[in-house]
Each structure stands twice: as structure tokens, then as C-alpha cells.
Amino acid sequence: MDVGEAARLNALVVAVGRAQDRAAFQALFDHFAPRVKGYLMRLGAGNAVAEDLAQDAMLTLWRKASLFDPAKASASTWMFTIARNLRIDAIRRERRPELDPNEPALLPEAERGADESLDWAQAEDRLHAALAELPREQAEIIHLSFLAEKPHSLIATELGLPLGTVKSRIRLAMARLRQALGDES
Amino acid sequence: MSIAHHPGDELLLSYASGAANEAVALLVASHATFCAQCRARVQRAEATGGRVLTDMAPVPMSAQAYESLLARLDEPARAVVQAAHLQSDVPAPLQAYIGTDYGALPWRHVGGGISHLPIRTRGGMRARLIRAEPGSGVYTHTHKGEEWTLVLTGSYTDKTGHYAAGDVQSTTPEISHQPTADAGPVCINLAVTDAPLVFRGLLPKLVAKFHGF
């Protein structure tokens with residue numbers, strides 16, 4: 001996805017949040033609902049359950065769109081967190097202890113300065129480019145973390161690797177991604 | 001507040017991806033209330049999830065899916081979650097499990113200045129609070145699996161270092177340790193284990209069995 005496409009999706013969510021814009025909502029539905037459904041099915045949900053949850057995810061987008069802040073996350077990232085949480089709640093029947101970004105205790109100690117003024121769509125684009133350039137063995141483990149829903153110890157067993165190797169690949173990968181964003185340099 | 005000991009990237013990633021079970025998620029979310037750096041790291045990892053969603057092969061929705069969703073847009077939303085009590089020293093994610101006052105909890109005394117309280121979570125790991133009076137120590141123990149400890153109040157020391165409020169200690173099966181609470185405020189920790197602790201000595205073993213460690 002290029003920066004233009006990411007910005008288009010962000011603007012659509014903002015339009016839903018500001019004016020309950022149904023044309024924008026339909027465009028978001030066309031883009032996200034089949035992907036959320038695919039994500040849920042990849043993680044083991046059947047067709048009917050995945051379809052219902054994808055609908056719930058879109059309903060959550062509709063209701064919470066006014067809380068969406070493109071300075072903090074792209075529409076895709078925001079939608080991912082919605083689908084992730086619905087799945088944990090509806091399929092695993094676990095609670096999801098969440099960070100509350102609006103809580104004063106959660107505000108960053110140091111102002112994020114440069115980060116704040118940064119166009120987040122561009123930052124995510126850099127992150128995604130860095131993701132595409134990760135060595136294959138690192139990318140594989142990051143990918144499995146999202147789409148296998150297994151503890152890293154089990155991923156290690158299945159790949160025939162020591163747990164320490166899995167952890168160090170994750171750390172190397174995450175460090176590269178942060179480097180691409182100019183974080184914590 | 002400066003945090004010296006952070007959860008590893010693999011823990012932050014499992015929280016961001018949703019793979020972490022409830023007990024681990026509770027520990028990471030609670031740590032993040034102390035730690036701006038890990039909040040930012042979780043956000044970066046979630047952005048990776050955004051990429052995974054973008055790359056997902058779309059599975060078509062049924063023909064009537066959008067129409068039936070439109071009919072639900074005007075339904076009233078369910079009540080929102082109650083806001084956290086900011087004046088409490090209990091991290092917001094933990095308040096949903098234990099309330100806002102450590103002093104009001106039904107602590108179970110183990111002896112030697114130590115008490116504990118299991119926290120009900122689903123998904124396979126065990127979460128508990130451990131409360132240690134200044135100077136008191138937990139018996140020497142090892143772990144069958146991994147253990148993570150988040151310091152909520154006070155501080156403790158073991159042979160690997162010093163851990164204060166907000167710090168997370170990760171221990172693995174190889175490590176045998178005897179944490180001891182420092183002088184000062186009572187030390188309360190959130191401990192998450194994926195297997196029972198293994199105590200050395202018969203009496204600690206019996207006490208541990210009795211308390212379900």
C-alpha cells in the first residue's frame with residue numbers, strides 16, 4: 001500500500017468520525033471487511049463466525065471513528081487493533097487489558113516533538129518498507145507472531161529452533177523497525 | 001519515572017499481535033502505564049499488524065453483508081467501560097481485576113511477611129499478586145517455565161539486580177533466585193508464570209502446595 005492509499009483510508013475514517021459519512025463508510029467496508037474476514041479465518045475462524053466478527057469490527061469502526069487519530073496510527077493499524085480485540089473477546093473469551101491513551105497517567109513524560117508533527121502515514125510507510133527488507137528468517141517469525149497465535153516457545157519448537165534464537169530474531173527485527181523510524185537512536 | 005528493566009521485545013510483540021494470553025497482556029499493559037518507551041514500542045508493533053492486515057488475502061463478504069450492517073448502524077452502542085480512578089496507585093489495566101486499593105484486598109498470608117492473591121485470568125497462565133513486607137524474602141525457587149514479575153510498589157533485590165516500581169524481571173528455568181523486599185514501602189508485585197514454581201526444601205514445598213503456587 002502506498003502513502004496515497006494509506007492517506008485515503010485515514011481520510012475516510014476521519015469523514016465517518018466527523019459527519020457519519022455513509023459513502024466513506026461503504027468505501028472502508030469494501031476495503032477492510034474482506035481483509036478482516038481473511039485475518040480471522042487465517043487464525044482459525046469458520047466462514048460464518050469470521051463474517052459476523054468482520055461485521056462487528058466495521059460496526060466498531062462506525063461507532064468509534066470520532067476517536068480515530070491519524071497522528072497516532074494509520075486506519076489499517078487501528079482496524080487491526082479492533083479486529084484483534086474483538087477476536088480475543090469473542091473467540092478466546094478472554095479480557096483484553098488495554099492501554100488507555102486518553103488517561104493523563106499515560107501521556108508521555110517527554111514530549112514526542114518531532115514524532116508528533118510527523119505524518120504518521122509516511123512513518124508507517126517507512127516501517128513497512130523496513131519490514132519488507134527484513135532477512136527472511138526474521139520476517140517469518142514476526143509474521144507468525146501475528147498469524148499463528150502461538151507462544152514463541154511453540155513457534156520455536158515447530159521451527160526446530162532454540163527459544164533464545166526466536167527471541168533474538170524478534171529483537172533484531174524490532175530494532176531494525178525502530179531504526180527505520182529514527183526511534184531511540 | 002525511570003524504568004531500568006523492561007519486558008523484552010518478544011513480550012511486547014505478543015501483546016501487540018494479540019497472541020499473548022490474558023495474564024501476560026495484563027502484565028504488559030500494567031507495565032506500560034509506568035513506561036512511555038514501551039507504550040511507543042507497542043504502537044510500533046501494532047503498526048506491523050496494520051501491515052499484516054493490509055497484505056491479508058481478502059475473503060469476499062456475503063452479498064447482503066453491507067445491507068444488513070447498515071440496518072445496525074443506528075443501534076445504540078453498549079455502555080462504555082468505566083473510567084479508571086487516576087488517584088489510585090493501581091495501574092488502570094489492573095483496576096478491572098482488583099479494584100483501586102491494595103490495602104482492601106483479601107491477602108492470603110504465606111508466613112514470613114509474605115502474602116499473595118491469585119488473579120483470575122483465562123488463557124492458561126497464572127497471575128498473582130505477591131506482597132512482601134520490607135526485609136522479607138520469598139524462598140529460593142526455580143521455575144519450570146518462564147516467570148515475569150512487575151513491581152507495582154516498593155522494590156526488591158535478588159542476585160541479578162534491583163527492581164523498583166515499574167520494572168519487569170524475566171526469569172527462565174535456569175535461574176534460581178531468592179528475591180528480598182528492600183527497606184521502605186511494602187513491595188507488591190504482579191507475577192505471571194507459565195508453570196508452577198519449584199521451591200527448594202521440604203517445608204517451602206509444602207507451603208507452596210498448600211497455597212497453590
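Small disclaimer: the values here were computed from a predicted structure and weren't measured. To find a chain, count down the sequence lines: A is the first, B the second, and so on, and within it residues start at 1. What's counted below: heavy atoms across the whole structure, side chains too, no hydrogens, waters or symmetry copies.
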query: Once you round to the nearest 0.5 Å, how far does CD of A:Glu51 lie from OG of B:Ser68?
result: 7.5 Å
query: Does A:Glu94 reach the main-chain N or O of B:Glu22 with its side chain, forming a donor-acceptor pair under 3.5 Å?
result: yes
- prompt: Hey, are A:Asp125 and B:Arg51 close enough for a salt bridge, meaning a charged N less than 4.0 Å from a carboxylate O?
  reply: no
query: Which region of A:Leu163, side chain (C-beta onward) or backbone (N, CA, C, O), has a non-hydrogen atom less than 4.5 Å from a non-hydrogen atom of chain B, or is it both or neither?
result: side chain
task: To the nearest 0.5 Å, tell me how far A:Ser76 OG sits from B:Leu53 CG.
output: 6.0 Å
- prompt: Between CD of A:Gln20 and CG of B:Asp74, what distance do you get to the nearest 0.5 Å?
  reply: 9.5 Å
- prompt: What part of A:Arg63 is in contact with chain B, defined as an atom under 4.5 angstrom from a non-hydrogen atom: side chain, backbone, both or neither?
  reply: side chain
- prompt: Given that the side chain runs from C-beta out, which part of A:Ser145 has a heavy atom under 4.5 Å from chain B: side chain, backbone, both or neither?
  reply: both
field: Close side-chain approach of B:Ser14 to A:His152, heavy-atom, < 4.5 Å
entry: yes
Contacting region of B:Ala57 [heavy-atom separation from chain A under 4.5 Å]: backbone
- prompt: Is the closest side-chain heavy-atom distance between B:Leu69 and A:Phe25 below 4.5 Å?
  reply: yes
field: Heavy-atom check, side chain of B:Thr48 versus side chain of A:Phe146, under 4.5 Å
entry: yes
task: Identify the two heavy atoms, one from A:Glu98 and one from B:Tyr15, that lie closest to each other, and give their separation to 0.1 Å.
output: CA-OH, 3.7 Å
message: Is it true that, when you exclude A:Arg18 itself, more than 12 heavy atoms of the residues, nucleotides or ligands shown sit nearer than 6.0 Å to its CZ?
response: no
message: Report which part of A:Leu43 has an atom under 4.5 Å of a heavy atom belonging to chain B: side chain, backbone, both, or neither.
response: neither
- line: Taken to the nearest 0.5 Å, the spacing of A:Arg92 CZ from B:Asn21 CG works out to 7.0 Å
- prompt: Most heavy-atom pairs under 4.5 angstrom with chain A, which of B:Gly123, B:Ala20, B:Ser62?
  reply: B:Ser62
Contacting moiety of A:Arg93, where chain B heavy atoms sit under 4.5 Å: both
field: Flag if over 12 foreign heavy atoms under 6.0 Å of CD, A:Gln179
entry: no
Check: A:Arg22 and B:Leu73 side chains under 4.5 Å, non-hydrogen atoms: yes
field: chain B contact via A:Val166 - side chain, backbone, both or neither, heavy atoms under 4.5 Å
entry: neither
task: Measure A:Met79 against the heavy atoms of chain B and call it side chain, backbone, both or neither at under 4.5 Å.
output: both
query: If you count heavy-atom pairs under 4.5 Å with chain B, which of A:Trp62, A:Phe32, A:Trp78 comes out on top?
result: A:Trp62
task: Answer yes or no: is there a donor N or O on one side and an acceptor on the other, between the side chain of A:Arg35 and the main chain of B:Pro58, under 3.5 Å?
output: no
message: Tell me the closest heavy-atom pair linking A:Thr77 and B:Ala47, and the distance in Å.
response: OG1-CA, 3.3 Å
field: Heavy-atom pair count under 4.5 Å with chain A, highest-scoring of B:Ser30, B:Ala45, B:Pro91
entry: B:Ala45
Reported NE2-to-CG distance for the pair A:His128 and B:Asp55, which is rounded to 0.5 angstrom: 8.0 Å
Any A:Arg95 side-chain heavy atom under 4.5 Å of B:Thr121 side chain: no
message: Please classify the contact of A:Arg84 with chain B as side chain, backbone, both or neither, using a heavy-atom distance under 4.5 Å.
response: side chain
message: Just verifying a value: how many Å separate B:Glu75 CD and A:Leu59 CG, rounded to the nearest 0.5 Å?
response: 6.5 Å
query: By a 4.5 Å heavy-atom criterion (distance strictly below it), what part of B:Leu70 contacts chain A: side chain, backbone, both, or neither?
result: both
message: Could you check whether any side-chain heavy atom of A:Arg171 comes within less than 4.5 Å of a side-chain heavy atom of B:Leu13, counting everything from C-beta outward?
response: no
- prompt: So which of B:Gly18, B:Ala96, B:Pro60, B:Gly8 has the biggest tally of heavy-atom pairs under 4.5 Å with chain A?
  reply: B:Gly18
- prompt: When you look at A:Arg96 and B:Leu26, which way does the side-chain contact (heavy atoms from CB on, under 4.5 Å) test go after all the steps?
  reply: CA-CA 8 Å; A:Arg96 169 74 184 176; B:Leu26 177 60; over 6 Å; no
- request: Determine, stepwise, if the pair A:Arg178 / B:Asp9 fulfils salt bridge (Lys or Arg N to Asp or Glu O under 4.0 Å).
  value: CA-CA 11 Å; A:Arg178 284 194 290 272; B:Asp9 274 325; 3.1 Å; yes
query: Less than 4.5 Å apart, any side-chain heavy atom of A:Met174 and any of B:Arg41?
result: no
Close side-chain approach of B:Met61 to A:Gln55, heavy-atom, < 4.5 Å: yes
- prompt: If you take all heavy atoms of A:Pro97 and B:Ala25, which pair is closest and at what distance?
  reply: CD-CB, 3.7 Å
